[in-house]
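Remember, it's 1-based here, ligands and their atoms both numbered in the order they're listed.
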Amino acid sequence: MRVLMVAPPGAGKGTQGAIIAAHFDVPHIATGDLLREHVARGTELGRAVKERLDRGELVPDEVVLEMVRAAMVTAKSNGGGYVLDGMPRNITQARALYQIALSLEMTANVALHLKAADDELIRRLLARAALEHRSDDTEDVIRRRLALYHEVTHPIVEWYEARGILVSVDAMRPVERVARQILTALEAMRPLIDFVPETARRSVDLTGLGVAFGET
Ligand code: AP5
Ligand code: MG
């Protein structure tokens with residue numbers, strides 16, 4: 001299973017990414033986590049990107065693309081599946097990632113879009129800030145990350161919709177309900193994935209299926 005996620009800060013990329021990765025036994029490649037590890041270790045790359053992370057700005061495309069290319073090469077030798085969290089972040093990254101994946105014969109089967117309202121996202125990230133200490137979880141920086149998402153990241157949703165691999169999920173519900181819907185959809189698609197030609201792929205919007213997944 002090869003999944004990438006397009007979702008705003010706080011929508012649950014890390015949370016759901018870990019669940020999907022465990023379920024399908026594939027690596028969870030999280031660009032934000034990889035960058036924060038560099039900062040924590042004080043590597044040259046970490047020193048170069050720290051300020052941008054602290055301010056909630058994107059780091060240069062070539063930095064993350066090289067990082068993800070290396071992680072995908074490793075993933076290829078471990079079965080070829082992956083869950084990509086935090087990448088792509090803009091249309092340039094989306095196109096470059098597609099070329100990298102194509103060259104490795106590892107293009108994504110699903111682009112998972114987690115939908116949630118800004119006020120809920122801010123609430124979640126401020127709640128996390130009280131427990132963890134991410135340098136970008138202050139209210140000002142959270143608002144900047146959200147604005148950047150709407151401006152440059154969200155537009156790539158349409159690109160995946162046009163390619164017929166978009167799966168949209170309502171991420172406003174409790175973690176386990178969101179996870180159940182994602183895993184149900186991915187399991188339903190799994191047997192078909194290798195047989196549906198690119199031209200016959202269709203995106204699916206599951207955001208109206210709350211009742212079927214235990215909502216009252
Ligand atoms: P990144 O680490 O990707 O951060 P982000 O996109 O801002 O998202 P978060 O990690 O804050 O949220 P999440 O969606 O993972 O949600 P989570 O599951 O943690 O990127 C950080 C920075 O790195 C960027 O600003 C940029 O500088 C740089 N960067 C990274 N990738 C880049 C790229 N490709 N190009 C350029 N720069 C890049 O959940 C959040 C909280 O909510 C948690 O406490 C969780 O427990 C809770 N929660 C989750 N789901 C639910 C739920 N359903 N109900 C209630 N609470 C929930
Ligand atoms: Mg995250």
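A salt bridge links Arg143 to Glu139: at least one charged side-chain nitrogen sits closer than 4.0 Å to a carboxylate oxygen. With salt bridges taken as basic N to acidic carboxylate O contacts below 4.0 Å, one links Lys50 and Asp54.
When hydrophobic clusters are built by joining Ile, Leu, Val, Met, Phe, Trp and Tyr residues whose side-chain heavy atoms come closer than 4.5 Å, directly or via intermediates, Met72 is not grouped with Ile193.
Near Thr15, with a cut-off below 4.0 Å to any heavy atom, the atoms of ligand 1 are 17 (P), 18 (O), 39 (O), 45 (C), 49 (C). If you number the atoms of ligand 1 from 1 as listed, the ones under 4.0 Å from a heavy atom of Gly14 come out as 13 (P), 15 (O), 18 (O). Within ligand 1, counting atoms from 1 as listed, the ones closer than 4.0 Å to a heavy atom of Gln93 are 33 (C), 34 (N), 35 (N), 36 (C). Set against the non-hydrogen atoms of Thr31, the atoms of ligand 1 under 4.0 Å away are 30 (C), 31 (N), 32 (C). Ligand-side atoms of ligand 1 in range of Pro8: 14 (O), range being under 4.0 angstrom from any heavy atom. Every atom of ligand 1 is numbered from 1 in the order shown, and the set under 4.0 Å from a heavy atom of Leu53 is 22 (C), 23 (O), 26 (C), 27 (O), 28 (C).
Annotation: atom 16 (O) of ligand 1 to nearest protein heavy atom, Gly12 N, 3.2 Å. Nearest to atom 29 (N) of ligand 1 among the protein's heavy atoms is Leu35 CD1, 3.5 Å. Atom 37 (N) of ligand 1 has as its closest protein heavy atom Val59 N, 3.1 Å. Atom 1 (P) of ligand 1 has as its closest protein heavy atom Arg89 NH2, 3.8 Å. Counting only heavy atoms of the protein, atom 8 (O) of ligand 1 lies nearest to Lys13 NZ, 3.1 Å. Looking only at protein heavy atoms, the nearest one to atom 43 (C) of ligand 1 is Arg128 CD, 4.0 Å. Of the protein's heavy atoms, Gly10 N, 2.9 Å lies nearest to atom 12 (O) of ligand 1.
For Arg52 (side chain) and Glu57 (main-chain N/O), no donor-acceptor pair under 3.5 Å exists by modelled atom type. For the pair Arg41 (side chain) and Gly46 (backbone), a donor-acceptor distance under 3.5 Å is absent. With His38 contributing its side chain and Leu45 its backbone, the two residues share no donor-acceptor pair below 3.5 Å. Remark: the backbone N or O of Thr107 is paired with a side-chain donor or acceptor of Arg2 at under 3.5 angstrom. Between the side chain of Lys115 and the backbone N or O of Ser168, no donor-acceptor pair lies under 3.5 Å.
Residue Asp137 has no nitrogen or oxygen atom sitting less than 3.5 Å from a nitrogen or oxygen atom of ligand 1, judged on distance alone. Between Pro174 and ligand 1, a contact under 3.5 Å exists for no N or O pair. Taking only nitrogen or oxygen atoms, main chain and side chain alike, Gly86 reaches within less than 3.5 Å of ligand 1. For ligand 1, the polar-atom distance check against Arg145 finds a nitrogen or oxygen pair separated by under 3.5 Å.
For Leu148, no heavy-atom contact with ligand 1 is shorter than 4.0 Å. The backbone and the side chain of Pro9 each have at least one atom closer than 4.0 Å to an atom of ligand 1 (non-hydrogen atoms only). If you look at Val64 next to ligand 1, the close heavy atoms, those under 4.0 Å, all belong to the side chain.
Residues Thr138 and Asp140 have side chains that never bring a donor and an acceptor to within less than 3.5 angstrom of each other. Side-chain N/O atoms of His150 and Asp118 include a donor and acceptor closer than 3.5 Å.
Applying the 6.0 Å contact sphere to CD of Glu187 captures more than 12 heavy atoms from other residues, nucleotides or ligands. Other residues, nucleotides and ligands contribute only 12 or fewer heavy atoms inside 6.0 Å of the CD atom of Glu51.
A heavy-atom separation below 4.0 Å is found between Ala11 and ligand 1. Put simply, part of Arg173 is less than 4.0 Å from ligand 1, judged by heavy atoms.
Minimum heavy-atom separation, Asp137 to Leu126: O-CD2, 4.3 Å.
The closest non-hydrogen atom to atom 26 (C) of ligand 1, taken over Arg36, Met172, Arg134, Glu57, comes from Glu57.
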